[in-house]
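Each remark here refers to the structure printed beneath this line.
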There are 2 protein chains.
Amino acid sequence: MKEEIPELYLENQLCFPLYAASRLTTKLYAPYLNELDITYPQYLVLMALWQHDSQSVKEIGNRLYLESNTLTPLLKRMEQKGLIQRTRSTSDERTVMISLTESGQDMKEKAKEIPHKLIESFGEGSVNEEELFNFQRALFKLVSTLNKRTV
Amino acid sequence: MKEEIPELYLENQLCFPLYAASRLTTKLYAPYLNELDITYPQYLVLMALWQHDSQSVKEIGNRLYLESNTLTPLLKRMEQKGLIQRTRSTSDERTVMISLTESGQDMKEKAKEIPHKLIESFGEGSVNEEELFNFQRALFKLVSTLNKRTV
DNA sequence: TAAGATTAAATCGTGCACGATACAAATATA
DNA sequence: TATATTTGTATCGTGCACGATTTAATCTTA
């Protein structure tokens, strides 16, 4: 017999809308990131470095919740594009320091328009400023809680 | 000179916590999905089919916001595992209908415990029921809006 | 009804994610 | 101070995502 299990409906999941929203948001960024010839994860790394230049792979990973298995190849691609520099630390030969090149720093100037453009292409009325702020707070709280649970 | 652009801080993004939350949530599911020998996207397809068996690739894609370039290989893997059947429709030779096998239907029985287990391993106090519900509503609203913007 | 447009899957190439493992450097401990 | 443990990167294999393109079937329209 067919048993109805509402707990298994897609509409009742939390994971599914997170998954969908993340992917759809990334798609919304695509046209602007394409202009800069970078991908979304690369944009995240740049944001981390624009905020605080010269971080180890580990530190960037802590910031983005990623590990070296994902970051190493990604950072190598960014190095190839001339956006960053990878240097093995002299004080601790295990760690690799990542720092922005001139080109990587300059990209910030072009990127700073992206957030505004995105709000424009998304917002179009219907979004309450305060509601959005609360939603963002809830999201970050969720991330923080999830991070504790998944260590 | 170093220009401070708060709009580019990771803490002020909406996309970044969505991306992080999505990935961390998927990680929380991993142990339970591993027991069933399925991946997270495969779990989503199963949920779609448990709710409504026998859908075309296109219909599943509309439900999950995915297209055939992602779904075709994914569904082929699920077919190999004996979870689903892929049959080309006779009425419209373009469409491929996806339906659950007996094994795919049976998995629902094992899966129905997952949502509860997840809330357990996550919840541990600190989560307001109503707050969570509102957050979920906001998430789905966001997905719906994003979907309109990215067509 | 024949030519053009649209639609549904599939294929291809690139870039993530991530578990598992390897390896060397640094740290802790006997 | 040897030995064991931990730590930071890197490597490997698998499975998504997704833009671009292809192919075949269906639908439109002149």
Practice task
Say whether, by atom type as modelled, one donor and one acceptor occur between the side chain of B:S121 and the main chain of B:L118 under 3.5 angstrom.
Solution key: yes
Problem - Set of side chain to side chain donor-acceptor pair (under 3.5 Å) partners for A:K81, sequence neighbours left out - result: A:Q42
Fill in the blank from the handout: Assert: residue with more 5' nearest nucleotide on DNA chain D, out of A:L24 and A:T95, is A:T95
Handout entry: Distance, rounded to the nearest Å, where A:D37 contributes CG and D:dG19 contributes P
Key = 16 Å
Handout entry: Selection: residues 46-61 of chain A, any non-hydrogen atom under 4.0 Å of DNA chain D
Key = A:S56, A:V57, A:K58
Fill in the blank from the handout: Between CD of A:E35 and C1' of D:dG19 the distance, given in whole Å, is 17 Å
Practice task
Take the protein atom CG of B:L75 and the nucleotide atom P of C:dA10, then report the distance between them rounded to whole Å.
Solution key: 8 Å
Problem - Interatomic distance where CD belongs to A:E67 and C1' belongs to C:dA20 [whole Å] - result: 11 Å
Completion exercise
Contacts of B:S89 meeting side chain to side chain donor-acceptor pair (under 3.5 Å) (sequence neighbours excluded), chain-then-number -> B:S91
Find every protein N or O atom lying less than 3.5 Å from an N or O atom of nucleotides 25-28 of chain D, and list the pairs.
residue, atom, partner, partner atom, Å
D:dT26, OP1, B:E93, N, 3.1

Problem - ring pair (Phe, Tyr, Trp, His ring centres under 6.0 Å) partners of B:F135, counting only residues at least two apart - result: A:F135
Exercise for the section: Could you go through the side-chain contact (heavy atoms from CB on, under 4.5 Å) check for A:T26 and B:L18 one step at a time? Expected result: CA-CA 10 Å; A:T26 302; B:L18 280 172; over 6 Å; no
Problem - Listed once per pair and sorted, the salt bridge (Lys or Arg N to Asp or Glu O under 4.0 Å) pairs that draw on residues 27-40 of chain A, sequence neighbours left out - result: none
Exercise for the section: With sequence neighbours excluded, tell me which residues meet ring pair (Phe, Tyr, Trp, His ring centres under 6.0 Å) with A:Y29. Expected result: A:Y40, A:Y43
Fill in the blank from the handout: From CG of A:L33 across to C1' of D:dG19 the rounded distance in Å is 14 Å
Completion exercise
With sequence neighbours left out, the residues meeting salt bridge (Lys or Arg N to Asp or Glu O under 4.0 Å) with A:R86 are A:E79
Handout entry: Pairs meeting criterion salt bridge (Lys or Arg N to Asp or Glu O under 4.0 Å) with involvement of residues 44-72 of chain A, two or more places apart
Key = A:R63-B:E11
Exercise for the section: Tell me whether the OP1 or OP2 atom of D:dA10 has a side-chain N or O from A:R88 closer than 4.0 Å. Expected result: yes
Can you tabulate the close N/O pairs, meaning under 3.5 Å, that link protein atoms to atoms of nucleotides 15-17 of chain D?
residue, atom, partner, partner atom, Å
D:dC16, OP1, B:T39, OG1, 2.7
D:dC16, OP2, B:Q42, NE2, 2.8
D:dC16, OP2, B:R77, NE, 2.6
D:dC16, OP2, B:R77, NH2, 3.2
D:dC16, O5', B:R77, NH2, 2.6
D:dA17, OP2, A:Y19, OH, 2.7

Fill in the blank from the handout: Note: for A:T26 and A:S68 on DNA chain D, the residue whose nearest nucleotide lies more 5' is A:S68
Fill in the blank from the handout: Contacts satisfying ring pair (Phe, Tyr, Trp, His ring centres under 6.0 Å) that involve residues 45-77 of chain A (not counting sequence neighbours) are none
Practice task
Nearest whole angstrom, please: distance from the P of C:dT14 to the CG of A:N34.
Solution key: 16 Å
Handout entry: A:I38 CD1 - C:dT14 C1' separation (whole Å)
Key = 16 Å
Exercise for the section: Return each pair, listed once, that meets side-chain hydrogen bond (donor to acceptor under 3.5 Å, both in side chains) where at least one residue sits in residues 94-108 of chain A; pairs must be two or more places apart or across chains. Expected result: A:D92-A:R94
